[in-house]
Structures are given as C-alpha cells and as structure tokens.
Number of protein chains: 2
Amino acid sequence: MKLISWNVNSLRVRLAQVLQLLDEETPDALALQEIKMTEELFPLAAFAERGWHALVCGQKAYHGVALITRKKAELMHKGAPPGMDDAAARLVAARMDGITIVSVYAPNGQEVGSQAYAYKLNWFAHLADWAATLEGPLALLGDFNVAPEDRDVHDPKRWQGKILCSEPERAAFRDLLARARLTDAVRALTEAPMFTWWDYRLRAFERGWGLRIDHALVRGLSPVRACVRTDYRGMERPSDHAPLVVEVSP
Amino acid sequence: MKLISWNVNSLRVRLAQVLQLLDEETPDALALQEIKMTEELFPLAAFAERGWHALVCGQKAYHGVALITRKKAELMHKGAPPGMDDAAARLVAARMDGITIVSVYAPNGQEVGSQAYAYKLNWFAHLADWAATLEGPLALLGDFNVAPEDRDVHDPKRWQGKILCSEPERAAFRDLLARARLTDAVRALTEAPMFTWWDYRLRAFERGWGLRIDHALVRGLSPVRACVRTDYRGMERPSDHAPLVVEVSP
DNA sequence: GGTCAGCGCG
DNA sequence: CGCGCTGACC
C-alpha cells in the first residue's frame with residue numbers, strides 16, 4: 001500500500017503537479033495540506049475524471065486538507081481535533097479497507113512563547129487524545145510542523161529552540177506517537193536525512209537547508225519503503241514542501 | 001516605415017509577447033502604453049540585447065508609456081501635455097529621422113460627466129495645443145480612449161453617448177486632428193471595422209464586441225497599409241488591446 | 001476580467 | 001519568497 005503526504009501550498013496553483021504526481025505514483029491515498037480553498041472550489045472533476053475519489057476539509061484562504069484515494073473511502077471526521085471548539089480546517093479522516101487514514105495540517109506556531117505557540121501545543125494534545133481513541137490500523141499523513149530530532153534539521157544549532165524545533169513541540173510530537181501507539185515510518189526505515197520542507201525566504205532549497213516536518217505516522221502497518229520526491233522542488237512554481245512517499249504492508 | 005501602437009496592460013506580464021511582436025514585425029518604432037512600471041524597473045536590457053533602443057516615461061502602478069525604436073531616437077518630451085501641471089506618465093515624444101513620434105495614453109474618463117471625464121477633455125485640449133506647435137512630419141501612436149465614429153463601435157446603440165463614444169470626446173478627438181493637421185491613418189486606408197480593444201469583463205473579444213480606440217495619427221506621412229494583430233488577443237494571457245500596425249511612406 | 005498596491009501569513 | 005485577501009482602476 002502506497003501513501004503520500006504533500007503540503008501543496010495552494011491547490012489552485014499546484015493542481016497540475018498534483019495530477020502529475022498521481023499519474024507517476026498511483027498511490028492508494030494522497031494526503032494534501034494547505035489546499036487554501038473552500039470545498040465548493042475544490043476541483044473534484046479533475047480528480048474524478050482520472051478515477052480518483054476525494055474527501056475535502058476546506059476553508060477560505062488558509063489551511064485546508066484533502067484525501068485523494070483510488071478506492072472510495074468513508075469520511076470519519078473533519079475540522080479540528082474533537083473537543084477543541086475551533087473551526088480551522090486541519091484534519092480529514094477516512095476509513096479505507098479497514099484502515100483509518102488522516103490528512104493532518106498542524107499549526108505552525110509562529111514563535112516560541114506566542115499565543116499561536118500555545119495553541120499549537122494544545123492542538124497536539126487534542127490530536128493525541130483523539131488518535132488514542134481510534135482503533136485498528138492507522139496512518140496519520142501530513143505536515144506536523146515539528147522536526148522531531150536534531151538530525152531532522154540541516155543546521156541544528158541555528159534552529160536550536162526555535163519554532164518547529166523547540167523541546168515542548170518535540171515532546172508534544174513524541175507524546176502523540178506514544179499515546180496513539182504510532183511509528184514514524186521514515187525513521188523505522190532509515191537514519192538518513194529526509195528533509196521535506198525548505199523556507200522560500202531563505203532560498204533554502206538551493207542551499208540544502210531543509211527540515212523534516214512532514215511525516216507518515218503508522219500503527220498496525222509495516223513501513224517498507226520511504227522517499228521524498230525532491231524533484232517536485234525543481235519544478236516551475238514549486239511548493240515549499242516536497243511529497244513524502246511511503247509504502248507500508250499490512 | 002512601419003509603426004506599431006500597443007497598449008500592453010502591464011509590460012511585466014506581457015514582455016515576452018512584446019519581444020515576439022518585435023521579432024515578427026521588426027517595426028521602425030513601437031509605441032507602448034500602460035507599461036505600469038517606473039523607469040527604473042523598465043527591462044531595458046531585454047530590448048538592448050536584441051538591438052532595440054527605448055525611451056520610457058514611467059510611473060508606479062498605473063499608466064506609463066514607451067517608445068521602442070530600431071535606430072536611436074532623441075527624446076523631446078515626456079509626461080503630460082505641456083502646460084497641464086500634472087505628473088501622469090501619458091506621453092513620450094522623440095525625434096527619429098526628422099520625424100516626431102509620440103506614444104500616447106489618453107485618460108479613460110471613467111464616466112460621462114465625472115471629474116475624470118472633465119480631466120480627459122482638458123487633457124485632449126492641451127494635447128492639441130502642444131501637437132499644433134510641433135513642426136514637420138509627425139506620428140501620434142497610442143490609446144486615445146475615443147472611438148471616433150459609430151462605425152468604430154461594434155454596437156453603436158449600446159454605446160451611444162457612453163464613455164469612449166460621447167460627442168464631446170469625439171469633438172475633442174476631431175479638434176486634435178484638425179488643429180495639429182493630422183490624418184487618421186487607418187481611416188485614410190479603409191472603411192472596414194478595425195477594432196483594437198475588447199472589454200475583459202464582457203468576454204467581449206470572444207463575442208466580437210470591439211471598439212477602435214487605438215490610433216495612428218500622422219502628418220507629412222502617407223499611410224500605405226494598416227492591420228490589427230488580433231492574433232495577439234488569442235494568446236495565453238492577452239492584453240485587452242491588440243497591436244495596431246501601420247506602414248507609412250515619407 | 002485582469003492588473004497593481006499593500007497586507008497577513010509562513 | 002510566494003501564497004491569498006481587499007480595494008482601486010479600467
């Protein structure tokens with residue numbers, strides 16, 4: 001079973017690249033983040049014409065996630081983690097072949113100590129609460145906006161304690177894995193660097209300054225292969241994230 | 001001698017199309033309007049590399065005109081018509097081979113009776129004052145924002161008395177021709193419709209709803225041939241105006 | 001409809 | 001840097 005996670009930073013702008021990725025990889029499920037559109041504007045037809053099903057959790061301008069699947073999947077949840085009293089479109093969960101698959105877009109947190117940072121930690125706690133209640137095989141695919149360890153950062157010193165890398169964020173991430181009994185699929189397979197995001201502002205990709213903040217977290221599924229499609233960062237108008245491709249077996 | 005006038009509606013967006021037009025037509029002079037940039041931002045190098053000279057009258061965000069020439073031309077005037085006490089970048093005039101060539105971007109006028117409308121009529125009066133003082137062969141090339149006669153409008157009834165077609169605008173346009181002893185080069189050659197502008201909003205081009213508001217007005221030069229490059233309206237991101245190509249002999 | 005400015009955001 | 005938004009202008 002092939003699973004892909006990709007923060008597209010606007011599906012409007014990246015639709016052609018998404019369709020190309022589906023053509024090239026034919027995954028069982030593709031989890032998209034930052035589609036930045038409402039469900040009404042989602043280009044359902046473009047996917048349907050090519051035989052893909054889509055479940056969408058959208059909103060205006062910001063965030064927004066989707067699950068593109070080869071087989072029809074059953075919607076289980078969308079919006080914020082349950083119990084959060086928040087409308088932000090950051091989750092869509094579905095059941096397919098007895099597996100729960102979730103597209104996840106965690107808050108960025110802006111700056112350590114900010115309101116947004118507190119919100120991010122709280123969001124992770126609620127996500128862990130919810131994921132711990134889910135039964136059976138599970139795959140969380142998405143942009144978690146956390147680089148779990150120093151080896152997930154091109155220059156750990158420079159990023160030391162900064163947003164995406166602070167110890168409370170890393171603890172929240174570890175807590176999610178522990179409480180929901182999830183495995184980081186990439187780290188189960190390799191210790192090599194596997195960056196997935198490069199800051200547009202710093203021209204970070206050209207300089208090799210990446211972070212690993214997109215993840216495939218699985219339970220009841222065995223990671224078999226993982227790779228990052230960095231070639232999608234070399235395209236005309238690339239997203240700042242590259243697609244993360246993971247193969248798992250039951 | 002081949003002269004072209006084109007309102008490009010942003011040179012930033014249309015640069016490739018302008019360079020293609022120069023390749024295809026190799027005119028003696030190309031008058032551009034609505035370049036929408038300051039002189040500092042003007043892509044001089046792109047023209048110079050291909051052997052073209054440029055004289056630019058630019059401003060931030062709106063308006064802005066330029067003259068692209070095969071031979072180096074001598075700058076005579078830029079800005080507003082003299083005597084207007086106005087900084088709007090709507091004119092650039094130069095002398096080339098003893099001929100005065102001017103790129104003209106007349107005010108739109110918004111609505112009949114508005115402040116902008118009064119300004120437009122005043123602007124035309126000052127343009128006529130100035131053009132009447134110029135000696136020798138003369139060519140005014142540009143977007144005059146006036147359809148001189150009903151046959152210059154796809155649907156004269158619909159446009160009757162409206163902006164671009166009102167009688168005071170037409171009178172101001174005729175007055176310019178009379179006082180500066182200018183000939184409308186297109187109408188000297190043909191009575192056929194020769195639309196140059198189509199409203200984006202109405203999807204006017206697809207419907208054939210054009211107006212002739214771009215003109216080549218000449219003195220001491222004999223019009224030989226005229227055409228509108230409507231194929232430039234079929235391109236990827238077209239301007240709302242098509243290039244007007246005119247050949248004249250001394 | 002399509003351009004630009006200026007702003008919020010990451 | 002590269003998104004989306006609002007608002008002005010044509």
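A, B, ... follow the sequence lines: proteins, then strands. Residue 1 opens every chain. Predicted, not measured: the structure shown is a model, and the values here were computed from it.
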Legend entry - DNA chain D: 5'-most and 3'-most nucleotides touching chain A, 4.0 angstrom heavy-atom criterion: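 On DNA chain D, the outermost contacted nucleotides are D:dC1 to D:dT6.
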Provide, to the nearest angstrom, the distance between the [atom1] atom belonging to [X] and the [atom2] atom belonging to [N].
X	N	atom1	atom2	result
B:H241	C:dG2	NE2	P	14 Å
B:R14	C:dG1	CZ	P	15 Å
B:D240	C:dT3	CG	C1'	9 Å
A:N7	C:dC9	CG	P	17 Å
A:I163	C:dC9	CD1	P	15 Å
B:K60	C:dC4	NZ	C1'	10 Å
B:R233	C:dG2	CZ	P	9 Å
B:Q17	C:dT3	CD	C1'	14 Å

Inset, instruction - Kindly say whether the aromatic ring centers of B:W198 and B:F205 come within a distance under 6.0 Å. - result: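 Distance test on ring centres: under 6.0 Å, yes.
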Legend entry - Contact under 4.0 Å: B:R203 side-chain N or O vs C:dG1 OP1/OP2: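 Result: yes.
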Inset, instruction - Decide, yes or no, whether a salt bridge links B:D155 with B:R207 under the criterion of side-chain N to carboxylate O below 4.0 Å. - result: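 Looking at B:R207 together with B:D155, the answer is no, because their closest N to O distance does not fall below 4.0 Å.
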Legend entry - Sole residue of B:H63, B:H241, B:H215 in ring pair (Phe, Tyr, Trp, His ring centres under 6.0 Å) with B:Y105: B:H63
Inset, instruction - Take B:G109 and A:R12, find for each the nucleotide of DNA chain D with the closest heavy atom, and name the residue whose nucleotide sits nearer the 5' end. - result: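 Mapping each residue to its closest nucleotide by heavy atoms, the 5'-most match is A:R12.
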Inset, instruction - Hey, which sits more toward the 5' end of DNA chain D by its nearest nucleotide, A:Y62 or A:Y200? - result: A:Y200
Inset, instruction - Check every strand shown and say whether A:E34 touches a base, only sugar-phosphate, or nothing at a heavy-atom separation below 4.0 Å. - result: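 A:E34: no heavy atom of the nucleic acid under 4.0 Å.
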Legend entry - Worked check of side chain to side chain contact (heavy atoms under 4.5 Å, CB included) between A:F47 and A:L22: CA-CA 9 Å; A:F47 293 99; A:L22 289 170; 3.7 Å; yes
Legend entry - Aromatic B:W209 / basic B:R158 pairing, under 6.0 angstrom, 45° off normal: yes
Inset, instruction - For residues B:V246 and B:A216, report the shortest heavy-atom separation together with the two atoms involved. - result: CG2-CB, 3.8 Å
Legend entry - Any donor-acceptor pair under 3.5 Å from B:T196 side chain to B:I213 backbone: yes
